[in-house]
Student: 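Take this structure first; my questions come after.
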Protein chains: 2
Amino acid sequence: MGRKRTKSGKIRLAEVAELAGVSPITASRFFRNPEALSVAKRTRVESAARELGYVPNLAARALASQRTEVIGVLIPSLTNNVFSDVLRGIYDASEGSRYSIQLSNTRYSILQEEKLLRLFLAQKPAGLIVTGIDQTTESRAMLEAADCPIVQIMEIGPSPIDMMIGFSHYDAARAAIAHLFDQGRRRIGFVGARMDPRVQRRLDGYVAAMKDAGLFDQRLTVTTATPTSVTLGGALFADLLAREPDIDAVFCANDDLALGVLFECRRREIAVPEQIAIVGFNDLEFMASSVPTLTSVRTNRYEMGSTAAAMLIEAIEGKRPEQPVLDLGFTVIERQSSQMQRPAGPRPPEWSAAVQNDSVTNDP
Amino acid sequence: MGRKRTKSGKIRLAEVAELAGVSPITASRFFRNPEALSVAKRTRVESAARELGYVPNLAARALASQRTEVIGVLIPSLTNNVFSDVLRGIYDASEGSRYSIQLSNTRYSILQEEKLLRLFLAQKPAGLIVTGIDQTTESRAMLEAADCPIVQIMEIGPSPIDMMIGFSHYDAARAAIAHLFDQGRRRIGFVGARMDPRVQRRLDGYVAAMKDAGLFDQRLTVTTATPTSVTLGGALFADLLAREPDIDAVFCANDDLALGVLFECRRREIAVPEQIAIVGFNDLEFMASSVPTLTSVRTNRYEMGSTAAAMLIEAIEGKRPEQPVLDLGFTVIERQSSQMQRPAGPRPPEWSAAVQNDSVTNDP
DNA sequence: AGGATCGTTGACAGCGCTACCAGCAACGAC
DNA sequence: GTCGTTGCTGGTAGCGCTGTCAACGATCCT
């Protein structure tokens with residue numbers, strides 16, 4: 001027969017069109033904008049494509065249309081639990097759409113981010129998701145010049161490049177400290193690691209809250225550029241304790257540090273919360289089942305990822321959101337580690353979310 | 001001037017060739033196989049490309065060459081710490097190469113895996129990394145028919161599709177149980193969640209070890225299909241304890257469960273390791289700083305990812321490894337939670353790897 | 001010396017798809 | 001009846017790059 005096949009035996013659009021009895025361009029339109037076809041041709045093309053098992057060639061499509069269906073995602077870490085939740089949201093929201101995710105790891109370096117951005121932009125992505133609001137001037141210029149929608153995630157700030165979804169780390173930290181004040185704590189330490197911009201803003205929130213209460217003392221804060229870990233939490237807390245033995249609470253920049261502090265307390269036989277209250281950040285799963293259970297600031301990481309991807313896809317397809325900046329808020333989840341009175345005796349773990357004691361919500 | 005530009009103002013290969021005074025095809029060769037050019041032309045093309053800021057159009061390249069420079073990665077979970085380590089290895093090893101990573105999440109479903117595989121294969125990836133050895137018959141057939149290198153990761157098994165890198169979960173579990181036997185434990189429980197194939201093989205190893213010692217008892221194992229979590233570890237352990245109050249050790253299929261068991265012991269004031277020994281699996285970071293520190297089976301997850309990607313890239317470029325199946329082994333890291341005698345008094349956390357008490361190594 | 005071989009280069013012809021524009025029928029307004 | 005207008009369809013002409021083949025001079029071997 002006259003129909004020619006590509007070497008690899010792959011079905012091309014032309015074959016589909018031939019079987020459907022339409023021109024290739026009509027078949028092409030079926031995949032891009034089915035509404036433009038008459039119902040008759042639409043069903044003909046559809047069944048022809050199904051019958052032949054047609055799979056579009058993305059490279060050809062990208063070349064001809066001068067754009068790709070790739071969403072670039074730049075995150076600072078692949079190991080941090082926080083980002084794995086965000087990523088899962090992004091992947092879930094993009095699944096089923098025509099867009100594929102291209103992920104890159106900036107390793108908390110804005111220079112690396114700039115390099116990767118240049119790489120991404122050269123391939124004309126359909127959209128971009130970048131972490132945070134602290135890009136280099138150069139990166140920012142490139143992003144502003146890019147002709148694709150962009151979502152900044154993880155936090156919100158004053159001048160969005162395009163869209164933005166996150167929450168205020170500063171406010172979240174202030175809320176955590178306010179909770180500790182409510183519980184009668186005064187000498188509240190801060191333990192932070194990595195000190196990326198978001199952790200820095202949590203520190204800023206802590207400092208502001210303490211200053212407002214006239215309780216700030218530089219020696220109450222222990223930070224390091226070292227990547228965070230549970231072990232590090234214990235070590236930093238040990239440093240803090242050596243310097244300031246009279247603290248009555250510790251606010252940890254993340255939950256791993258908080259767990260490390262808890263273990264260190266146990267090691268030193270410091271009663272939590274009687275002697276020292278502990279508050280973490282992010283509300284990872286284990287916080288609800290440790291002994292004592294650990295207070296933390298819950299953040300909506302999965303929703304951040306899924307909403308960011310969904311907003312981006314909408315924007316790519318021309319439906320810009322009415323609300324380009326979205327504050328997902330946070331919730332201080334109060335648990336045993338920061339209660340004024342620790343419940344006596346053993347207690348079953350918080351087995352369902354319903355048991356959890358949500359309060360100090362900031363859902364905008 | 002006669003030189004024409006693409007609408008977007010992008011530099012094309014033809015421009016580079018013109019500036020360098022060579023034909024486009026020679027310029028093209030420079031990017032694919034520089035050794036084939038004379039040194040003179042090579043430097044001319046190189047400086048022309050740099051001067052113009054040339055960025056190759058990947059879509060055009062893929063279309064013309066009928067292959068992509070994409071490595072497909074199929075993993076079952078984006079949240080599991082285990083996979084984030086593997087992923088980091090994969091991304092690190094692919095960075096700097098010409099290949100980009102296309103990630104998809106099978107969510108522990110081999111049907112989903114099959115679907116994604118079909119999608120990937122249709123785009124002719126340069127290579128593929130798939131998790132485990134339990135593909136559907138259909139998936140396996142597709143993989144065997146695929147004309148690209150493939151690496152199976154996370155475990156090793158009898159009939160590799162192509163390359164394979166991992167370790168024996170069965171042997172690792174046996175080693176963990178052997179360690180508990182060494183410590184005088186006899187009534188050893190098993191706690192497992194999710195029960196994916198690799199967890200199942202850990203259970204098999206446990207069962208075999210117990211049977212060999214004449215100590216197997218079906219009621220000692222508690223498993224569930226529910227995704228794993230720290231809280232779940234505590235709950236499963238509670239079930240086990242209710243049924244078999246006289247157990248003297250628990251082998252947990254992963255570290256989250258082990259941490260949950262530890263917390264549950266604390267809640268019930270069960271002394272670890274005096275009354276019950278705990279052994280986890282994977283050796284996540286927190287295992288070394290909990291109180292007591294937790295014994296676990298260390299697996300080389302990052303290396304698994306980075307080696308898999310490196311092997312794959314080598315294979316794509318024609319240099320097949322002499323050793324297509326690589327056993328990365330495991331190590332039982334013995335810590336306080338399973339020692340015969342628990343060290344008295346508080347003790348600083350294991351601050352560096354050097355402090356750790358490695359033994360029962362199986363580095364092949 | 002003649003032929004074979006190697007290293008280097010270029011011409012040509014697509015890869016599979018879509019942007020752009022033109023055509024054509026059907027329809028309604030003036 | 002003429003002129004838009006709308007809805008649908010098709011032809012043409014690439015998108016930017018590389019596979020294939022051929023050509024060329026230089027070198028090597030018998």
Student: Could you report the tightest heavy-atom contact between B:Ile150 and B:Leu143, atom names first, then the distance?
Tutor: CD1-O, 3.2 Å
Student: For A:Glu15 and C:dG16, what is the distance between atoms CD and P respectively, to the nearest whole Å?
Tutor: 9 Å
Student: Let's go through B:Glu35 and B:Arg42 carefully: what are the C-alpha distance in whole Å and the side-chain angles of both, what is the deciding distance for salt bridge (Lys or Arg N to Asp or Glu O under 4.0 Å) to 0.1 Å, and is it a yes or a no?
Tutor: CA-CA 8 Å; B:Glu35 287 75 33; B:Arg42 200 184 308 173; 5.4 Å; no
Student: Tell me: CG of B:Leu58 to C1' of D:dC17, nearest whole Å?
Tutor: 11 Å
Student: State which of D:dC17, D:dG19, C:dC17 makes the closest approach to the side chain of A:Arg12.
Tutor: C:dC17
Student: For D:dG14, does either OP1 or OP2 sit under 4.0 Å from a side-chain N or O belonging to A:Gln66?
Tutor: no
Student: When the distance from CG of B:Leu63 to P of D:dG14 is rounded to whole Å, what number comes out?
Tutor: 17 Å
Student: Which atom names give the shortest non-hydrogen contact between A:Gln152 and A:Ile161, and what distance separates them?
Tutor: OE1-N, 3.0 Å
Student: Does a side-chain N or O of A:Tyr54 approach OP1 or OP2 of C:dC17 to a distance below 4.0 Å, or not?
Tutor: yes
Student: From the options C:dG16, D:dG10, C:dT18, select the nucleotide whose nearest atom is closest to the side chain of A:Ala60.
Tutor: C:dG16
Student: Could you report the tightest heavy-atom contact between A:Ala315 and A:Arg320, atom names first, then the distance?
Tutor: CB-NH1, 4.1 Å
Student: Are OP1 or OP2 of D:dT18 and a side-chain N or O of B:Ser28 less than 4.0 angstrom apart?
Tutor: yes
Student: Can a donor-acceptor pair be found between the side chains of B:Ser28 and B:Arg32 at a distance below 3.5 Å?
Tutor: yes
Student: Over all heavy atoms of both residues, which pair between B:Ile11 and B:Tyr54 is shortest? Give the atoms and the distance, please.
Tutor: O-CD1, 3.5 Å
Student: Would you tell me if any nitrogen or oxygen in the side chain of A:Arg67 comes within less than 4.0 Å of OP1 or OP2 on D:dC15?
Tutor: no
Student: Starting at CD of A:Gln123 and ending at P of D:dC17, how long is that distance when rounded to a whole Å?
Tutor: 11 Å
Student: Quickly work out the B:Ile25 CD1 to C:dT9 P distance and round it to whole Å.
Tutor: 12 Å
Student: Quick one: list whatever passes ring pair (Phe, Tyr, Trp, His ring centres under 6.0 Å) with B:Tyr91, sequence neighbours left out.
Tutor: none
Student: Looking at D:dT9, I'd like to know if its phosphate oxygens (OP1 or OP2) sit under 4.0 Å from a side-chain N or O belonging to A:Thr26.
Tutor: no
Student: Short of 4.0 Å, heavy atom to strand atom, which residues of residues 29-44 of chain A count as contacting DNA chain D?
Tutor: A:Arg29, A:Ala36, A:Leu37, A:Ser38, A:Lys41
Student: Taking only the side-chain nitrogens and oxygens of B:Ser65, find out if one of them lies under 4.0 Å from OP1 or OP2 of D:dT18.
Tutor: no
Student: Give the nucleotide from the list C:dT18, D:dG10, D:dT18 with an atom nearest to the side chain of A:Val22.
Tutor: D:dG10
Student: Starting from C1' on C:dC17, measure out to CZ on A:Arg61 and report it in whole angstrom.
Tutor: 8 Å
